[in-house]
Visitor: 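Can you keep this structure in mind? I'll have questions shortly.
Because only heavy atoms are used, hydrogens play no part in the values below, and waters and symmetry mates are left out as well, while side chains stay in. The sequence lines fix the lettering, A, B, ..., with proteins before strands; numbering per chain opens at 1.
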Amino acid sequence: MAAGTLTWCRFKDEASQLLRHSDRIKDGWEWTEVEEDQAGGSFLVKKDVIRPVGERVDVKDCVPLEEAEDEDNSDVLGVEYNMEEADTNTVPCELKETEYYRYQYHVLYSTSYSVPVLYFIASRPDGSLASLDEVWSIVPGSFQSRLQDDRWTFLTQQEHPVLGCPMFQLHPCHTATMMQPLMQETQDKDRGSCNYLVSWLSSVGPVVGLNLPLSYAQIGHVT
Amino acid sequence: MADDREVLRELWDGRLPIKFNLAADEVSSMEHPEPCYLLVPRQSYFPLVADKVQRYFLKYTANSQGEEMWLEYEGQPLKWHYPIGVLFDLFASSTMLPWSLVVHFQKFPEDELLHCPGKDAVESHFMSSVKEADTLKHRGQVINGMQKKDHKQLWMGLQNDKFDQFWAINRRLMEHGEENCFKHLPFRLYQSDKPCVQRLFRPITEEGEQRLLGDLVREVAPQVFNTEEDASRSWKVVIQGVEPPMETPVQWLSEHFSYPDNFLHICLVSSQ
């Protein structure tokens with residue numbers, strides 16, 4: 001496999017590990033099988049994540065797992081996501097009158113890019129879907145400025161590859177580049193097998209309000 | 001590599017005559033507007049060609065909120081991110097021309113259609129498809145080796161209907177890789193009542209033989225050949241408005257019959 005990518009088999013195996021841990025801590029992840037036996041035809045789903053309007057995810061609460069374990073290793077993930085820039089000034093967001101958003105996250109496997117891809121939707125209490133602007137409002141400030149130039153390419157509305165319905169997607173084309181140094185680092189340190197899925201999700205999830213509790217770090221070392 | 005320029009040119013120049021009507025229940029003016037007629041390129045996308053339509057009909061509606069226009073054919077909302085030719089082949093290939101569509105400004109079907117905030121969104125979607133196609137064909141090496149201005153030229157060539165400008169760059173994306181063919185075939189297969197299908201498919205066999213359209217259809221949509229299962233229903237395989245023979249090598253189809261986004265969009269249409 002090309003650097004920074006993973007196979008469909010590994011995706012499935014690691015998803016199983018993630019699901020077992022999720023069940024243990026009641027984190028709510030489920031496995032949905034739509035096209036059995038097809039690479040990419042099954043995926044992880046987490047529903048009913050409620051986020052009150054106006055709540056900006058504070059970046060300092062979203063430390064990637066590798067950093068949490070290694071105090072002396074501050075740049076494991078490379079340049080793209082610098083978790084140390086905490087945005088402590090939460091600017092009130094100009095949002096429509098509503099009390100909360102209900103998020104749903106899907107983790108799919110892209111057979112084109114051989115990487116996982118994160119999809120999500122946010123609905124308002126009346127069931128209508130939140131707009132891209134509303135969704136951007138929960139992206140931590142430190143990401144917003146960096147991603148502003150790439151706004152149209154990084155977080156976009158796309159068709160869910162299996163279900164066909166409109167969802168927001170974090171574009172997969174940079175994932176392999178982002179994951180490659182991390183995979184290399186893990187190998188170099190001889191830490192046994194690393195759970196790619198958990199490392200990846202802990203890095204990109206916080207951009208869109210999805211946090212993995214730190215206890216997921218334990219499943220990174222199953223050999 | 002896409003040697004048959006005549007084929008490329010003819011497909012590029014393909015046009016569809018469309019008749020646009022404002023939804024009857026959205027007319028708020030005293031007079032009912034006349035339909036609007038346009039000849040649109042098959043290779044393009046509706047948001048790139050329908051500005052005129054939007055401006056024309058807006059004044060007959062009560063719309064003052066800047067609601068997004070959306071199009072419908074016989075109750076089917078049309079996905080703007082599909083090339084126009086694909087939408088026609090999939091939903092209306094047996095209809096009389098001009099193709100008659102209904103224009104809406106209200107009740108946007110959020111659970112079915114993506115929003116199109118502007119031409120930037122179309123460009124982003126288009127470039128995203130081009131990149132994905134090149135990832136399948138060449139591991140992304142060709143597209144990533146191009147400069148930003150080359151990407152822009154592809155987009156501008158499409159937007160401004162400039163064949164030469166577009167193909168000056170696109171020919172590089174159609175070059176054979178190692179093994180004298182693409183690594184995988186960028187294709188999507190559509191049926192009207194199902195989400196589209198995309199799979200990994202190699203254009204040659206392990207022994208180095210060319211794989212054919214029939215091989216692809218048999219693998220991805222076996223029901224087309226499985227007439228025992230439903231003898232009353234037979235299928236047409238339509239690409240770019242024509243039914244290529246099943247013996248056509250998929251490598252050739254990918255080089256010549258792809259849409260500008262570099263994908264082969266294959267429509268499975270019931271021939272009843």
Side-chain angles (χ1 to χ4, degrees), chain A residues 1-5 7-8 34-35 37-41 43 104 108-115 117 119 121-124 126-136 149-177, chain B residues 68 70 77 79-82 107-141 143-144 148 151 155 183-188 190-202 219-220 262-263:
Chain A
M1 290 299 294
T5 60
T7 61
W8 167 240
V34 176
E35 290 168 28
D37 305 329
Q38 278 305 327
F43 46 94
Q104 200 179 121
L108 273 85
Y109 178 77
S110 165
T111 51
S112 301
Y113 291 99
S114 302
V115 295
V117 190
Y119 291 81
I121 40 167
S123 22
R124 308 189 194 100
D126 63 2
S128 60
L129 297 181
S131 67
L132 185 55
D133 283 333
E134 285 171 272
V135 157
W136 261 97
D149 292 336
D150 288 331
R151 184 167 162 157
W152 288 116
T153 54
F154 184 73
L155 176 60
T156 56
Q157 219 191 6
Q158 297 284 342
E159 243 177 34
H160 189 286
V162 179
L163 302 177
C165 53
M167 289 186 89
F168 293 112
Q169 179 212 58
L170 284 192
H171 204 279
C173 67
H174 299 303
T175 301
T177 313
Chain B
E68 191 175 335
W70 57 281
K79 299 183 179 187
W80 64 262
H81 64 289
Y82 288 4
K107 301 202 192 106
F108 189 91
E110 279 190 328
D111 50 344
E112 286 188 71
L113 296 186
L114 307 184
H115 281 285
C116 185
K119 295 200 167 58
D120 281 349
V122 187
E123 180 179 0
S124 155
H125 178 80
F126 170 76
M127 286 311 303
S128 176
S129 290
V130 172
K131 285 181 187 168
E132 186 180 351
D134 194 61
T135 303
L136 286 165
K137 288 193 275 190
H138 306 117
R139 294 191 182 84
Q141 280 158 9
I143 194 77
N144 291 334
K148 252 202 162 107
H151 295 173
W155 168 245
K183 185 166 197 300
H184 291 108
L185 199 77
F187 79 92
R188 292 191 177 126
Y190 304 87
Q191 279 178 256
S192 62
D193 50 353
K194 298 187 180 154
C196 78
V197 175
Q198 186 177 335
R199 304 258 165 88
L200 291 181
F201 188 87
R202 307 218 60 212
E219 189 168 302
V220 177
N262 277 236
F263 269 83

Visitor: Considering residues at least two apart in sequence or located in another chain, which fulfil the side chain to side chain donor-acceptor pair (under 3.5 Å) criterion with A/Q158?
Guide: A/T156
Visitor: How many angstroms lie between atom CG of B/D111 and atom CD1 of A/I121, to the nearest 0.5 angstrom?
Guide: 10.0 Å
Visitor: Measure B/H81 against the heavy atoms of chain A and call it side chain, backbone, both or neither at under 4.5 Å.
Guide: side chain
Visitor: Among B/V197, B/N144, B/L200, single out the residue with the greatest number of heavy-atom pairs under 4.5 Å to chain A.
Guide: B/L200
Visitor: Heavy-atom distances under 4.5 Å only: say whether B/K79 touches chain A with side chain, backbone, both or neither.
Guide: side chain
Visitor: With sequence neighbours excluded, what pairs up with A/P161 under the side chain to side chain contact (heavy atoms under 4.5 Å, CB included) test?
Guide: A/L108, A/Y119
Visitor: Evaluate the side-chain proximity of B/K131 to A/H171: yes if any heavy-atom separation is below 4.5 Å, no if none is.
Guide: no
Visitor: Heavy-atom distance under 4.5 Å to chain B: side chain of A/L163, backbone, both or neither?
Guide: backbone
Visitor: Are the side chains of B/P195 and A/E159 in touch, meaning some heavy atoms are under 4.5 Å apart?
Guide: no
Visitor: Using a cut-off of under 4.5 Å for heavy-atom pairs, which of A/T111, A/L129, A/V162 has the most such pairs with chain B?
Guide: A/L129
Visitor: Whether the A/S131 and B/H115 side chains hold a donor-acceptor pair (N or O, under 3.5 Å, no angle test) is what I'd like checked.
Guide: no
Visitor: Quick check on A/S114 against chain B: is it the side chain, the backbone, both or neither that has a heavy atom closer than 4.5 Å?
Guide: neither
Visitor: So which part of B/E112 gets closer than 4.5 Å to some heavy atom of chain A, the side chain, the backbone, both or neither?
Guide: backbone
Visitor: Can you give me the closest heavy-atom contact between A/P166 and B/L113, atom names plus distance?
Guide: CG-O, 3.6 Å
Visitor: Relative to chain B, which of A/A39, A/P172, A/G40, A/S112 shows the most heavy atom pairs under 4.5 Å?
Guide: A/S112
Visitor: What part of B/Y82 lies closer than 4.5 angstrom to a heavy atom of chain A: side chain, backbone, both or neither?
Guide: side chain
